[in-house]
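Notes to accompany the following structure.
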Amino acid sequence: MGENKPPWWSYVKHIVAEYPGLCRELEKLKEQRVTGIYGERVSSKGRVCRPVETTACKTLSPNKQKKYEAVKKAIDKTKKRHPENADHRLKMIQLVYFDKKYTIAGAAMRIPCHVNTAGHWHSDFIRLVAENLELP
């Protein structure tokens with residue numbers, strides 16, 4: 001019989017699926033104007049504007065930023081903990097969640113690896129994201 005999944009399991013899967021969109025959103029926030037204005041300038045309301053600093057410091061909303069960082073850290077931890085097969089592990093996550101083209105079994109055939117191995121990799125990654133989100 002299969003093991004019981006924790007209550008947060010599907011929530012974390014949705015967060016992993018949101019990651020590419022969060023990356024695009026963050027990229028868009030960090031886009032700079034074609035012509036930069038360097039140094040300080042004072043706006044009409046008397047506030048000091050620092051456009052380069054403002055662009056560099058832009059982040060997502062706190063909730064979205066937390067989700068983004070949880071998945072990003074899980075990707076980095078996967079690369080550090082499993083250097084021998086990190087590429088295959090992350091390819092499986094990409095195919096299932098980011099590209100949304102395959103099931104775990106389909107991704108396993110594409111990599112190629114055994115479906116049980118892909119299932120273990122999937123579980124490890126979901127648990128890493130949950131750990132980064134400090135879920136129980």
### Heavy-atom pair of closest approach, residues A107 and M92
CB-CG, 3.9 Å
### Query
Can you name the side-chain contact (heavy atoms from CB on, under 4.5 Å) partners of S123, sequence neighbours left out?
W9, R127
### Task
Please list all pairs passing the ring-ring contact (aromatic ring centres under 6.0 Å, His included) test where one or both residues lie in residues 70-91, with sequence neighbours left out.
none
### Other cluster members, M109 - Ile/Leu/Val/Met/Phe/Trp/Tyr, side-chain contacts below 4.5 Å
none
### Query
Is any side-chain heavy atom of L90 closer than 4.5 Å to a side-chain heavy atom of F125?
yes
### Listed partners of H120 passing side-chain contact (heavy atoms from CB on, under 4.5 Å), at least two apart
none
### Task
State which residues pass side-chain contact (heavy atoms from CB on, under 4.5 Å) with Y68; sequence neighbours excluded, sorted by chain then number.
Y19, L22, C23, L26, L60, Q65, K72
### Query
Which pairs with one or both residues in residues 113-125 pass salt bridge (Lys or Arg N to Asp or Glu O under 4.0 Å), sequence neighbours excluded?
R89-D124
Please set out all donor-acceptor pairs under 3.5 angstrom arising from side-chain atoms of residues 129-136, sequence neighbours excluded.
| unit_1 | atom_1 | unit_2 | atom_2 | d |
| --- | --- | --- | --- | --- |
| E131 | OE2 | K77 | NZ | 3.2 |
| N132 | OD1 | K77 | NZ | 2.8 |
| N132 | ND2 | A70 | O | 2.9 |
| N132 | ND2 | L128 | O | 3.2 |

### Query
Which pairs count as salt bridge (Lys or Arg N to Asp or Glu O under 4.0 Å) when at least one residue sits in residues 93-105, sequence neighbours excluded?
none
### Message
Can you list everything that forms a side-chain contact (heavy atoms from CB on, under 4.5 Å) with R110? Sequence neighbours excluded, please.
### Response
L95, Y102
### Query
Can you tell if the side chain of I15 reaches within under 4.5 Å of the side chain of Y97, non-hydrogen atoms only?
no
### Task
Supply the atom-to-atom distance I93 CD1 to T78 OG1, rounded to the nearest 0.5 angstrom.
7.5 Å
### Query
According to the salt bridge (Lys or Arg N to Asp or Glu O under 4.0 Å) rule, which pairs have a member within residues 14-27, sequence neighbours left out?
E18-K67, E25-K64
### Task
Give a yes or no on whether Y11 and V16 share a hydrophobic cluster (residues Ile, Leu, Val, Met, Phe, Trp, Tyr; joining criterion: side-chain heavy atoms under 4.5 Å apart).
yes
